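Below: one structure, written as C-alpha coordinates.
The basis for the numbers below is simple: all heavy atoms, side chains too, and nothing from hydrogens, waters or symmetry mates. What you see is a predicted model; the values in this text were computed from it and never measured. Each ligand, and each atom within it, is numbered from 1 in the order the structure gives.
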Amino acid sequence: MTDFLIKGALGILTGLPGAAARAEGDIRVRGSVIAEIGSLAALPGERVVDASGAVVTPGLVNTHHHLFQSVLKAVPAGMNEALAAWLRLVPYSYWDSIDEAALRVSATIGLAELALSGATTVADHHYFFSDRYDFDPVDVLFETAEQFGLRFVLARGGATRGRSFDGDRIAPLPVEPLDRMIASVEAAVKRWHDPSPTAMRRVAFAPTTPTFSLHEAELQEIAAGARAMGVRLHSHLSENMDYVDYTLANYGKRPVHWLAEHGWLGPDVWFAHLVECEEDELHLLAETGTAMAHCPQANARLGSGIAPTDRLHALGGTVSLAVDGAAANEAADMVSALYAAFSLHRAQKGVGAVNAETILHWATAGGARALGFESIGTIEPGKQADIAIFDLDAPRYFGQHDRVLGPIISGGHAHVRASFVAGRQVVVDGRLPWLDIEKLAADAARVVARIAAPQEEGRLGANV
Ligand SMILES: [Zn+2]
(Lines give C-alpha, C1' and ligand atoms only; values in the text may rest on other atoms or scores of the structure.)
Protein backbone atom coordinates (compact mmCIF):
# COMPACT_ATOMS: atom_id res chain seq x y z
CA MET A 1 0.00 0.00 0.00
CA THR A 2 1.44 3.33 -1.05
CA ASP A 3 0.17 6.86 -1.06
CA PHE A 4 -1.16 7.89 -4.44
CA LEU A 5 -2.94 10.62 -6.36
CA ILE A 6 -5.87 9.91 -8.67
CA LYS A 7 -5.36 12.56 -11.28
CA GLY A 8 -7.29 14.06 -14.13
CA ALA A 9 -10.71 12.43 -13.82
CA LEU A 10 -13.48 13.67 -16.06
CA GLY A 11 -15.60 13.92 -12.94
CA ILE A 12 -16.29 12.42 -9.56
CA LEU A 13 -19.58 10.98 -8.43
CA THR A 14 -19.26 11.19 -4.66
CA GLY A 15 -22.12 8.90 -3.60
CA LEU A 16 -23.53 11.81 -1.56
CA PRO A 17 -27.10 12.97 -2.10
CA GLY A 18 -28.27 16.20 -3.74
CA ALA A 19 -25.91 18.93 -4.86
CA ALA A 20 -22.93 17.16 -3.30
CA ALA A 21 -23.36 14.21 -5.67
CA ARG A 22 -20.72 15.55 -8.02
CA ALA A 23 -17.23 16.82 -7.50
CA GLU A 24 -14.25 17.64 -9.62
CA GLY A 25 -10.54 17.42 -9.20
CA ASP A 26 -7.95 14.96 -8.00
CA ILE A 27 -8.04 12.60 -5.05
CA ARG A 28 -5.10 12.08 -2.72
CA VAL A 29 -4.98 8.78 -0.83
CA ARG A 30 -2.73 8.33 2.16
CA GLY A 31 -2.51 4.78 3.35
CA SER A 32 -6.04 3.43 3.43
CA VAL A 33 -7.76 6.82 3.64
CA ILE A 34 -8.89 9.58 1.26
CA ALA A 35 -6.80 12.55 2.38
CA GLU A 36 -7.91 15.41 0.14
CA ILE A 37 -9.86 16.28 -2.99
CA GLY A 38 -9.23 19.22 -5.28
CA SER A 39 -6.80 20.56 -7.81
CA LEU A 40 -3.73 18.75 -6.54
CA ALA A 41 -0.17 18.37 -7.75
CA ALA A 42 1.73 15.15 -7.22
CA LEU A 43 4.14 15.25 -4.31
CA PRO A 44 7.70 14.10 -4.85
CA GLY A 45 7.71 10.32 -5.11
CA GLU A 46 3.92 10.06 -5.03
CA ARG A 47 2.42 7.49 -7.38
CA VAL A 48 -0.01 8.99 -9.87
CA VAL A 49 -3.03 6.98 -11.00
CA ASP A 50 -4.14 8.33 -14.36
CA ALA A 51 -7.91 8.87 -14.40
CA SER A 52 -8.02 11.02 -17.51
CA GLY A 53 -11.17 10.47 -19.53
CA ALA A 54 -12.64 8.37 -16.71
CA VAL A 55 -15.25 8.74 -13.97
CA VAL A 56 -14.42 8.15 -10.33
CA THR A 57 -17.00 6.75 -7.93
CA PRO A 58 -16.95 5.21 -4.49
CA GLY A 59 -16.40 1.47 -4.74
CA LEU A 60 -19.80 -0.12 -5.27
CA VAL A 61 -21.43 -2.04 -2.43
CA ASN A 62 -23.40 -5.17 -3.25
CA THR A 63 -25.61 -5.91 -0.25
CA HIS A 64 -27.15 -9.27 -1.22
CA HIS A 65 -25.74 -12.15 -3.17
CA HIS A 66 -25.51 -15.95 -3.24
CA LEU A 67 -22.07 -16.75 -4.58
CA PHE A 68 -22.76 -20.49 -4.74
CA GLN A 69 -25.20 -19.75 -7.57
CA SER A 70 -22.55 -18.57 -10.02
CA VAL A 71 -22.35 -22.15 -11.38
CA LEU A 72 -26.17 -22.33 -11.60
CA LYS A 73 -26.81 -19.70 -14.26
CA ALA A 74 -29.28 -20.45 -17.04
CA VAL A 75 -30.38 -23.82 -15.69
CA PRO A 76 -32.95 -24.77 -18.35
CA ALA A 77 -35.56 -26.13 -15.92
CA GLY A 78 -35.74 -22.81 -14.09
CA MET A 79 -35.60 -20.35 -16.94
CA ASN A 80 -39.31 -19.65 -17.12
CA GLU A 81 -40.40 -20.34 -13.56
CA ALA A 82 -41.48 -17.94 -10.83
CA LEU A 83 -39.83 -17.84 -7.43
CA ALA A 84 -41.16 -20.93 -5.64
CA ALA A 85 -40.77 -23.32 -8.58
CA TRP A 86 -37.45 -21.75 -9.51
CA LEU A 87 -36.16 -22.26 -5.94
CA ARG A 88 -37.14 -25.91 -6.15
CA LEU A 89 -35.69 -26.48 -9.62
CA VAL A 90 -32.47 -24.53 -9.28
CA PRO A 91 -30.78 -23.82 -5.93
CA TYR A 92 -32.69 -26.45 -3.95
CA SER A 93 -32.10 -29.12 -6.61
CA TYR A 94 -28.37 -28.52 -6.73
CA TRP A 95 -27.36 -27.58 -3.20
CA ASP A 96 -25.85 -30.97 -2.36
CA SER A 97 -23.85 -31.07 -5.60
CA ILE A 98 -21.85 -27.99 -4.67
CA ASP A 99 -18.79 -29.45 -2.98
CA GLU A 100 -15.87 -27.41 -1.71
CA ALA A 101 -14.11 -27.18 -5.07
CA ALA A 102 -17.34 -26.16 -6.81
CA LEU A 103 -18.05 -23.52 -4.18
CA ARG A 104 -14.57 -22.05 -4.60
CA VAL A 105 -15.01 -21.88 -8.37
CA SER A 106 -18.50 -20.45 -8.04
CA ALA A 107 -17.45 -17.79 -5.55
CA THR A 108 -14.45 -16.88 -7.70
CA ILE A 109 -16.69 -16.36 -10.74
CA GLY A 110 -19.11 -14.22 -8.76
CA LEU A 111 -16.47 -12.10 -7.05
CA ALA A 112 -14.58 -11.61 -10.32
CA GLU A 113 -17.78 -10.44 -12.00
CA LEU A 114 -18.43 -8.04 -9.16
CA ALA A 115 -14.89 -6.70 -8.83
CA LEU A 116 -14.66 -6.13 -12.58
CA SER A 117 -17.88 -4.11 -12.44
CA GLY A 118 -16.67 -1.80 -9.69
CA ALA A 119 -17.74 -3.59 -6.51
CA THR A 120 -15.43 -3.23 -3.56
CA THR A 121 -17.73 -4.57 -0.83
CA VAL A 122 -19.84 -7.70 -1.12
CA ALA A 123 -22.36 -9.22 1.26
CA ASP A 124 -22.99 -12.87 0.50
CA HIS A 125 -26.03 -14.65 1.90
CA HIS A 126 -25.10 -18.30 2.13
CA TYR A 127 -27.95 -20.50 3.30
CA PHE A 128 -26.90 -24.11 2.89
CA PHE A 129 -25.16 -25.66 5.89
CA SER A 130 -25.28 -29.41 6.24
CA ASP A 131 -23.57 -32.42 7.77
CA ARG A 132 -23.36 -33.69 4.20
CA TYR A 133 -20.63 -31.12 3.57
CA ASP A 134 -17.08 -32.03 4.57
CA PHE A 135 -16.13 -28.36 4.54
CA ASP A 136 -17.32 -25.14 6.12
CA PRO A 137 -18.81 -22.83 3.46
CA VAL A 138 -18.10 -19.83 5.70
CA ASP A 139 -14.36 -20.46 5.58
CA VAL A 140 -14.37 -21.11 1.83
CA LEU A 141 -16.22 -17.86 1.13
CA PHE A 142 -14.07 -15.70 3.40
CA GLU A 143 -10.89 -17.24 1.99
CA THR A 144 -12.02 -16.61 -1.59
CA ALA A 145 -12.99 -13.00 -0.87
CA GLU A 146 -9.60 -12.48 0.77
CA GLN A 147 -7.87 -13.46 -2.47
CA PHE A 148 -9.65 -10.61 -4.21
CA GLY A 149 -8.96 -8.07 -1.48
CA LEU A 150 -12.64 -7.15 -1.29
CA ARG A 151 -14.52 -6.19 1.86
CA PHE A 152 -16.73 -9.13 2.60
CA VAL A 153 -19.80 -9.70 4.76
CA LEU A 154 -20.93 -13.26 5.23
CA ALA A 155 -24.62 -13.34 6.01
CA ARG A 156 -24.89 -16.76 7.59
CA GLY A 157 -28.22 -18.21 6.49
CA GLY A 158 -29.97 -21.47 7.11
CA ALA A 159 -33.28 -22.88 8.26
CA THR A 160 -34.73 -24.55 11.33
CA ARG A 161 -37.67 -25.86 9.37
CA GLY A 162 -37.90 -27.25 5.89
CA ARG A 163 -40.00 -25.80 3.18
CA SER A 164 -42.08 -28.29 1.25
CA PHE A 165 -42.89 -27.94 -2.38
CA ASP A 166 -45.51 -29.85 -4.30
CA GLY A 167 -43.93 -32.67 -6.26
CA ASP A 168 -40.59 -32.52 -4.44
CA ARG A 169 -38.05 -34.86 -5.94
CA ILE A 170 -35.00 -33.21 -4.51
CA ALA A 171 -32.58 -33.86 -1.69
CA PRO A 172 -34.20 -32.73 1.54
CA LEU A 173 -33.17 -29.20 2.38
CA PRO A 174 -30.74 -28.98 5.27
CA VAL A 175 -32.28 -27.83 8.53
CA GLU A 176 -30.66 -27.46 11.91
CA PRO A 177 -31.98 -26.90 15.40
CA LEU A 178 -31.86 -23.30 16.56
CA ASP A 179 -29.23 -23.86 19.24
CA ARG A 180 -26.91 -25.35 16.66
CA MET A 181 -27.53 -22.51 14.23
CA ILE A 182 -26.75 -19.96 16.93
CA ALA A 183 -23.61 -21.85 17.98
CA SER A 184 -22.46 -21.96 14.36
CA VAL A 185 -23.01 -18.22 13.88
CA GLU A 186 -21.09 -17.60 17.12
CA ALA A 187 -18.21 -19.69 15.82
CA ALA A 188 -18.19 -17.76 12.53
CA VAL A 189 -18.25 -14.47 14.43
CA LYS A 190 -15.36 -15.55 16.61
CA ARG A 191 -13.32 -16.67 13.64
CA TRP A 192 -14.04 -13.94 11.08
CA HIS A 193 -16.01 -10.94 12.41
CA ASP A 194 -14.27 -7.61 12.85
CA PRO A 195 -16.52 -4.96 14.45
CA SER A 196 -14.16 -2.07 13.73
CA PRO A 197 -15.40 0.70 11.38
CA THR A 198 -12.71 -0.15 8.80
CA ALA A 199 -13.30 -3.91 8.95
CA MET A 200 -12.57 -6.06 5.92
CA ARG A 201 -14.63 -8.97 7.25
CA ARG A 202 -17.95 -9.10 8.99
CA VAL A 203 -20.54 -11.73 9.79
CA ALA A 204 -24.33 -11.25 9.93
CA PHE A 205 -27.01 -13.57 11.31
CA ALA A 206 -29.22 -14.27 8.33
CA PRO A 207 -31.73 -17.15 8.44
CA THR A 208 -32.91 -17.74 4.89
CA THR A 209 -36.29 -16.14 5.45
CA PRO A 210 -38.23 -15.60 8.68
CA THR A 211 -41.39 -16.45 6.79
CA PHE A 212 -40.65 -19.96 5.58
CA SER A 213 -37.38 -21.04 7.23
CA LEU A 214 -38.04 -20.43 10.93
CA HIS A 215 -40.64 -21.12 13.59
CA GLU A 216 -42.31 -17.95 14.81
CA ALA A 217 -41.28 -18.65 18.38
CA GLU A 218 -37.61 -18.49 17.36
CA LEU A 219 -37.67 -14.99 15.87
CA GLN A 220 -37.14 -13.10 19.12
CA GLU A 221 -34.29 -15.34 20.21
CA ILE A 222 -32.51 -14.94 16.89
CA ALA A 223 -32.81 -11.15 16.94
CA ALA A 224 -31.59 -11.06 20.53
CA GLY A 225 -28.79 -13.47 19.68
CA ALA A 226 -27.57 -11.33 16.79
CA ARG A 227 -27.61 -8.22 18.97
CA ALA A 228 -25.80 -9.99 21.81
CA MET A 229 -23.09 -10.98 19.33
CA GLY A 230 -22.94 -7.43 17.94
CA VAL A 231 -23.79 -8.52 14.39
CA ARG A 232 -26.51 -7.41 12.01
CA LEU A 233 -29.64 -9.31 11.02
CA HIS A 234 -30.36 -10.06 7.40
CA SER A 235 -32.88 -12.12 5.46
CA HIS A 236 -35.17 -12.38 2.45
CA LEU A 237 -38.53 -10.68 2.88
CA SER A 238 -41.62 -9.97 0.79
CA GLU A 239 -39.96 -11.01 -2.43
CA ASN A 240 -43.38 -11.71 -3.91
CA MET A 241 -47.01 -12.14 -2.83
CA ASP A 242 -46.32 -15.67 -1.50
CA TYR A 243 -44.69 -14.06 1.54
CA VAL A 244 -47.60 -11.72 2.16
CA ASP A 245 -50.25 -14.39 1.65
CA TYR A 246 -48.42 -16.68 4.06
CA THR A 247 -48.09 -14.24 6.96
CA LEU A 248 -51.62 -12.95 6.47
CA ALA A 249 -52.99 -16.50 6.51
CA ASN A 250 -50.88 -17.72 9.44
CA TYR A 251 -50.37 -14.64 11.60
CA GLY A 252 -53.03 -12.22 10.40
CA LYS A 253 -50.46 -9.58 9.51
CA ARG A 254 -48.36 -8.48 6.59
CA PRO A 255 -44.66 -9.42 6.81
CA VAL A 256 -43.19 -6.12 8.04
CA HIS A 257 -45.87 -5.71 10.73
CA TRP A 258 -45.40 -9.32 11.77
CA LEU A 259 -41.64 -8.93 12.11
CA ALA A 260 -42.01 -5.64 13.98
CA GLU A 261 -43.61 -7.62 16.80
CA HIS A 262 -40.60 -9.89 17.05
CA GLY A 263 -37.77 -7.37 17.25
CA TRP A 264 -36.78 -7.83 13.63
CA LEU A 265 -36.73 -4.18 12.55
CA GLY A 266 -34.06 -1.61 13.23
CA PRO A 267 -30.98 0.14 11.86
CA ASP A 268 -29.05 -3.12 12.31
CA VAL A 269 -31.38 -5.06 10.00
CA TRP A 270 -31.44 -5.24 6.20
CA PHE A 271 -33.78 -7.26 4.03
CA ALA A 272 -33.38 -8.39 0.46
CA HIS A 273 -36.22 -7.57 -1.94
CA LEU A 274 -39.18 -5.98 -0.07
CA VAL A 275 -41.05 -5.97 -3.37
CA GLU A 276 -44.50 -6.37 -1.84
CA CYS A 277 -44.72 -3.59 0.73
CA GLU A 278 -47.69 -1.39 1.41
CA GLU A 279 -47.32 2.26 2.35
CA ASP A 280 -47.58 1.68 6.12
CA GLU A 281 -44.92 -1.02 5.92
CA LEU A 282 -42.60 1.37 4.10
CA HIS A 283 -43.18 3.99 6.81
CA LEU A 284 -42.27 1.43 9.45
CA LEU A 285 -39.11 0.43 7.59
CA ALA A 286 -38.09 4.08 7.17
CA GLU A 287 -38.88 5.04 10.77
CA THR A 288 -36.90 2.13 12.18
CA GLY A 289 -33.97 2.55 9.79
CA THR A 290 -34.44 -0.99 8.47
CA ALA A 291 -32.62 -1.18 5.15
CA MET A 292 -33.62 -2.60 1.79
CA ALA A 293 -31.27 -4.55 -0.47
CA HIS A 294 -32.92 -3.74 -3.77
CA CYS A 295 -32.44 -6.52 -6.32
CA PRO A 296 -34.02 -5.15 -9.50
CA GLN A 297 -32.63 -7.74 -11.91
CA ALA A 298 -33.58 -10.85 -9.95
CA ASN A 299 -37.02 -9.41 -9.23
CA ALA A 300 -37.51 -8.77 -12.93
CA ARG A 301 -36.03 -12.10 -14.04
CA LEU A 302 -38.31 -14.08 -11.68
CA GLY A 303 -41.35 -11.98 -12.46
CA SER A 304 -41.64 -10.90 -8.83
CA GLY A 305 -42.25 -7.24 -9.58
CA ILE A 306 -40.55 -3.90 -8.95
CA ALA A 307 -39.85 -2.98 -5.35
CA PRO A 308 -41.15 0.41 -4.11
CA THR A 309 -37.55 1.49 -3.68
CA ASP A 310 -38.14 5.06 -4.81
CA ARG A 311 -40.89 5.42 -2.21
CA LEU A 312 -38.74 4.07 0.65
CA HIS A 313 -36.03 6.50 -0.46
CA ALA A 314 -38.51 9.39 -0.49
CA LEU A 315 -39.56 8.50 3.06
CA GLY A 316 -35.95 8.80 4.20
CA GLY A 317 -35.39 5.07 4.43
CA THR A 318 -32.13 3.27 3.75
CA VAL A 319 -31.94 1.83 0.25
CA SER A 320 -29.06 -0.22 -1.09
CA LEU A 321 -28.46 -2.06 -4.34
CA ALA A 322 -27.74 -5.73 -4.86
CA VAL A 323 -27.38 -8.20 -7.68
CA ASP A 324 -28.85 -11.23 -5.83
CA GLY A 325 -27.72 -14.72 -6.81
CA ALA A 326 -26.59 -15.29 -10.36
CA ALA A 327 -29.02 -18.19 -10.81
CA ALA A 328 -31.84 -15.63 -10.72
CA ASN A 329 -30.00 -13.26 -12.91
CA GLU A 330 -27.70 -15.07 -15.35
CA ALA A 331 -25.26 -12.26 -14.73
CA ALA A 332 -24.54 -10.59 -11.43
CA ASP A 333 -22.58 -7.44 -12.05
CA MET A 334 -23.09 -4.04 -10.48
CA VAL A 335 -23.26 -2.04 -13.70
CA SER A 336 -26.18 -4.18 -14.89
CA ALA A 337 -27.83 -3.64 -11.49
CA LEU A 338 -27.34 0.14 -11.74
CA TYR A 339 -28.91 0.21 -15.18
CA ALA A 340 -31.77 -2.10 -14.17
CA ALA A 341 -32.63 0.13 -11.20
CA PHE A 342 -32.38 3.27 -13.33
CA SER A 343 -34.61 1.97 -16.12
CA LEU A 344 -37.18 -0.16 -14.27
CA HIS A 345 -38.37 2.52 -11.84
CA ARG A 346 -38.75 5.01 -14.66
CA ALA A 347 -40.59 2.47 -16.80
CA GLN A 348 -43.00 1.91 -13.94
CA LYS A 349 -43.50 5.39 -12.55
CA GLY A 350 -42.14 7.85 -15.07
CA VAL A 351 -38.86 9.70 -15.37
CA GLY A 352 -39.40 11.50 -12.07
CA ALA A 353 -39.14 8.24 -10.11
CA VAL A 354 -35.39 8.30 -9.72
CA ASN A 355 -32.31 9.89 -11.26
CA ALA A 356 -28.89 8.44 -11.97
CA GLU A 357 -27.15 10.13 -9.03
CA THR A 358 -29.69 8.63 -6.62
CA ILE A 359 -29.11 5.16 -8.06
CA LEU A 360 -25.39 5.56 -7.43
CA HIS A 361 -26.14 6.81 -3.91
CA TRP A 362 -28.06 3.58 -3.24
CA ALA A 363 -25.18 1.51 -4.61
CA THR A 364 -22.57 3.26 -2.47
CA ALA A 365 -23.55 5.28 0.61
CA GLY A 366 -26.83 3.36 0.92
CA GLY A 367 -25.03 0.05 0.84
CA ALA A 368 -22.50 1.23 3.40
CA ARG A 369 -25.34 2.25 5.73
CA ALA A 370 -27.24 -1.00 5.18
CA LEU A 371 -24.17 -3.03 6.12
CA GLY A 372 -23.11 -0.72 8.95
CA PHE A 373 -19.81 0.44 7.46
CA GLU A 374 -19.55 4.08 8.46
CA SER A 375 -16.14 4.54 6.87
CA ILE A 376 -17.01 3.70 3.26
CA GLY A 377 -19.58 4.59 0.60
CA THR A 378 -18.62 8.15 -0.33
CA ILE A 379 -15.69 10.01 -1.82
CA GLU A 380 -14.87 12.38 1.03
CA PRO A 381 -11.73 13.18 2.99
CA GLY A 382 -11.44 10.84 5.95
CA LYS A 383 -13.31 7.99 4.30
CA GLN A 384 -11.65 4.71 3.42
CA ALA A 385 -10.12 4.72 -0.05
CA ASP A 386 -12.65 2.33 -1.58
CA ILE A 387 -12.76 3.74 -5.09
CA ALA A 388 -13.70 2.66 -8.61
CA ILE A 389 -12.49 4.33 -11.81
CA PHE A 390 -14.76 3.72 -14.82
CA ASP A 391 -13.40 4.06 -18.33
CA LEU A 392 -15.55 5.64 -21.01
CA ASP A 393 -13.55 4.14 -23.84
CA ALA A 394 -16.30 2.06 -25.49
CA PRO A 395 -18.53 3.28 -28.33
CA ARG A 396 -21.59 3.18 -26.06
CA TYR A 397 -20.19 6.17 -24.18
CA PHE A 398 -19.21 8.16 -27.26
CA GLY A 399 -21.42 11.14 -28.05
CA GLN A 400 -22.72 11.66 -24.53
CA HIS A 401 -23.02 15.29 -23.45
CA ASP A 402 -23.03 14.60 -19.71
CA ARG A 403 -20.39 11.91 -19.77
CA VAL A 404 -20.07 11.46 -16.02
CA LEU A 405 -23.28 9.45 -15.77
CA GLY A 406 -22.25 6.96 -18.47
CA PRO A 407 -21.52 4.03 -16.15
CA ILE A 408 -25.04 4.29 -14.67
CA ILE A 409 -27.27 5.22 -17.58
CA SER A 410 -25.70 3.26 -20.42
CA GLY A 411 -25.81 -0.31 -19.15
CA GLY A 412 -23.77 -2.96 -20.89
CA HIS A 413 -20.30 -4.19 -20.08
CA ALA A 414 -18.49 -2.42 -17.28
CA HIS A 415 -15.14 -0.88 -18.09
CA VAL A 416 -13.39 -0.54 -14.75
CA ARG A 417 -9.92 0.84 -15.28
CA ALA A 418 -8.93 0.48 -11.64
CA SER A 419 -10.40 -0.08 -8.22
CA PHE A 420 -9.10 0.19 -4.69
CA VAL A 421 -10.17 -1.18 -1.32
CA ALA A 422 -8.70 0.59 1.69
CA GLY A 423 -6.09 2.03 -0.65
CA ARG A 424 -5.04 -1.37 -2.01
CA GLN A 425 -5.50 -1.82 -5.72
CA VAL A 426 -7.89 -4.61 -6.75
CA VAL A 427 -8.56 -4.02 -10.46
CA VAL A 428 -5.56 -3.01 -12.54
CA ASP A 429 -6.09 -1.88 -16.13
CA GLY A 430 -9.44 -3.65 -16.32
CA ARG A 431 -8.05 -6.93 -14.99
CA LEU A 432 -7.52 -8.89 -11.82
CA PRO A 433 -3.81 -9.47 -12.33
CA TRP A 434 -3.60 -12.65 -10.25
CA LEU A 435 -6.64 -14.34 -11.77
CA ASP A 436 -6.35 -16.63 -14.80
CA ILE A 437 -9.70 -16.04 -16.52
CA GLU A 438 -9.18 -18.81 -19.07
CA LYS A 439 -8.56 -21.30 -16.30
CA LEU A 440 -11.63 -20.00 -14.46
CA ALA A 441 -13.74 -20.55 -17.59
CA ALA A 442 -12.45 -24.11 -17.84
CA ASP A 443 -13.08 -24.72 -14.13
CA ALA A 444 -16.62 -23.38 -14.51
CA ALA A 445 -17.31 -25.62 -17.49
CA ARG A 446 -16.00 -28.63 -15.57
CA VAL A 447 -18.17 -27.90 -12.52
CA VAL A 448 -21.26 -27.37 -14.67
CA ALA A 449 -20.61 -30.60 -16.58
CA ARG A 450 -20.26 -32.50 -13.32
CA ILE A 451 -23.28 -31.14 -11.50
CA ALA A 452 -25.68 -30.80 -14.42
CA ALA A 453 -25.80 -34.45 -15.49
CA PRO A 454 -26.78 -36.17 -12.22
CA GLN A 455 -29.38 -33.52 -11.57
CA GLU A 456 -31.14 -34.27 -14.83
CA GLU A 457 -31.46 -37.86 -13.62
CA GLY A 458 -32.32 -36.72 -10.12
CA ARG A 459 -35.27 -34.75 -11.32
CA LEU A 460 -36.55 -37.87 -13.02
CA GLY A 461 -37.03 -39.45 -9.64
CA ALA A 462 -33.86 -41.05 -8.27
CA ASN A 463 -32.86 -38.33 -5.88
CA VAL A 464 -35.73 -38.07 -3.44
ZN1 LIG B 1 -31.46 -13.81 -2.39
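A side-chain N or O of E216 and one of W258 form a donor-acceptor pair less than 3.5 Å apart.
Around the NZ atom of K439, the shell of radius 6.0 Å holds no more than 12 heavy atoms that belong to other residues, nucleotides or ligands.
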Worked verdict on H126 versus F68 for ring pair (Phe, Tyr, Trp, His ring centres under 6.0 Å): CA-CA 8 Å; H126 192 84; F68 78 91; 5.6 Å; yes
Between H65 and H125, does a ring pair (Phe, Tyr, Trp, His ring centres under 6.0 Å) hold up when you go through it step by step? CA-CA 6 Å; H65 202 32; H125 190 190; over 10 Å; no
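Residue E278 forms a salt bridge (Lys or Arg N to Asp or Glu O under 4.0 Å) with just one option from K253, R311, R254, and that option is R254.
Distances from the Zn ion (ligand 1) under 2.8 Å pick out these protein N/O/S atoms: H64 NE2, H66 NE2, H236 NE2, D324 OD1.
Using a 4.0 Å cut-off between charged nitrogen and carboxylate oxygen, E186 and K190 do not count as a salt-bridge pair.
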